Number of protein chains: 2
Amino acid sequence: MDKLHQLLSSRGHRITKARERVFNALNTAEKPLSTTDIIALCPTADRVSVYRTIELFSHLGIIKLIPVGWKQQYELTSLFKSHHHHMFCTKCKKLIDIHSDDFENFVAKLASTYQFTPLDHTFEMRGLCQKCQKQ
Amino acid sequence: MDKLHQLLSSRGHRITKARERVFNALNTAEKPLSTTDIIALCPTADRVSVYRTIELFSHLGIIKLIPVGWKQQYELTSLFKSHHHHMFCTKCKKLIDIHSDDFENFVAKLASTYQFTPLDHTFEMRGLCQKCQKQ
DNA sequence: GTCCGTGCAAAGCGTTTGCAGCTTA
DNA sequence: TAAGCTGCAAACGCTTTGCACGGAC
């Protein structure tokens, strides 16, 4: 939260209740949220403020848009949460975090073979989790 | 096109002009398209038919939704196009195809360490292409 | 001829824009 | 105090739904 205040101030933006609420929603949810989810989790903030906050946070690199299942959802970036990816179980809809340094290294190598300077990437698997494949 | 007709028939769906048009739009575009793009490329088909066709094609595994830049777009699946991923240059907006067997093998290995049965995956890089990083 | 799919109309949402008033620094 | 933000109202555009006609098989 201090880090959020610091980031907002340093970029010349004000600290407001609406912004704190949106941040809290994403921070406590511990899973990616859709715009609709965020609006629902911030009942005291106007939808319009939520939309504007989402746009601001995206530009500041506080949150990022990722594909989950077949929907787009927002999640805190690695500034506030360690960089990772997801596996989505299409049966039980569970979302499993993937943390793999090997994967990150592989991506870096792949980019260099294409002489591409990577800024960011998106990776998500869909399939069956351990439990569901047994059934 | 024959393959499309065959797939539609085998699943009990009819071959119509609207469906051929949507398929052609995606097949000739050689790049992912948004719903709006597809509607614009199929002026003789009603938007509603385009939406319904997109839904049908998704269910039949003819097309899939992928994140490009910060937007969702549709692309023909590996049934009609070889499996690949993309690098999106945030400066010149160019989209570069990535074909890497090593990457696919890595993903398979990653899934198995998590005891996850992968059905499909999404991977996209954002960054700067060779030309743009020189400037 | 039968049923599926299309096209039109209209409703339904999610998202954006304009503006006055309040809050933050 | 001055500028930035919020909240409300309303516009906007994408997507969905209902229904009668037309086309595919």
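Below, chain A is the first sequence line, B the second, and so on; all start at residue 1. All values derive from a computational prediction rather than experimental measurement.
Each of B/Ser9 and B/Thr36 has a nearest nucleotide on DNA chain D; the 5'-most of these lies closest to B/Thr36.
Taking every nucleotide of DNA chain D with any atom under 4.0 Å from a non-hydrogen atom of chain B, the first and last of them, 5' to 3', are D/dC14 to D/dC25. Taking 4.0 Å as the cutoff to heavy atoms of chain B, we find the contact window on DNA chain C bounded by C/dC3 to C/dA9.
By the ring pair (Phe, Tyr, Trp, His ring centres under 6.0 Å) test, B/Phe88 is found to be paired with no residue, residues two or more places apart in sequence or in another chain being considered. A search for side-chain hydrogen bond (donor to acceptor under 3.5 Å, both in side chains) contacts involving B/His13 returns nothing, not counting sequence neighbours. Scored by the side-chain hydrogen bond (donor to acceptor under 3.5 Å, both in side chains) test, B/Gln6 finds no partners at all (sequence neighbours excluded). When the salt bridge (Lys or Arg N to Asp or Glu O under 4.0 Å) test is applied to B/Arg126, the partners found at least two apart in sequence or on another chain are A/Asp120, B/Glu124. Not a single side-chain hydrogen bond (donor to acceptor under 3.5 Å, both in side chains) links A/Glu30 to another residue, sequence neighbours left out. A search for side-chain contact (heavy atoms from CB on, under 4.5 Å) contacts involving B/Gln73 returns B/Pro32, B/Ser34, B/Asp37, B/Val68, B/Lys71, not counting sequence neighbours.
Shown here for A/Tyr114 and B/His99, the closest heavy-atom pair between the two residues is OH-N, 3.1 Å. Scanning all heavy atoms of the two residues, the minimum distance from A/Leu26 to A/Ile63 falls at CD1-CG2, 3.7 Å.
For A/Asp101, the CG atom sits in a loose shell: 12 or fewer heavy atoms of surrounding residues, nucleotides or ligands are nearer than 6.0 Å. Atom CD of B/Gln133 has more than 12 heavy atoms from other residues, nucleotides or ligands within 6.0 Å.
Taking every heavy atom of residues 50-58 of chain B and every atom of DNA chain D, pairs under 4.0 Å involve B/Tyr51, B/Arg52, by number. The stretch residues 11-20 of chain B touches DNA chain C through B/His13, B/Arg14, B/Thr16, B/Ala18, B/Arg19, each having a heavy atom under 4.0 angstrom from the strand.
For A/Asn27 (side chain) and A/Phe23 (main-chain N/O), no donor-acceptor pair under 3.5 Å exists by modelled atom type. Using modelled atom types, one side-chain atom of A/Lys3 and one backbone atom of A/Leu79 make a donor-acceptor pair closer than 3.5 Å. Formation of a donor-acceptor pair under 3.5 Å by the B/Gln115 side chain with backbone atoms of A/Gln130 is not found in this model.
Taking the six-membered ring where tryptophan is involved, the planes of A/His121 and B/Phe123 are tilted, since the angle between them lies from 30° to 60°.
Between its two ends, the helix from C/dG1-D/dC25 to C/dA25-D/dT1 turns its axis by 50°, counting five pairs per end and rounding to 10 degrees.
Nucleic acid contact for A/Ser34: none, since no nucleic acid atom lies under 4.0 Å from a heavy atom of the residue.
Legend: salt bridge (charged side-chain N to carboxylate O under 4.0 Å, His left out) pairs involving residues 79-100 of chain A, not counting sequence neighbours, sorted by first then second residue: A/Glu75-A/Lys81.
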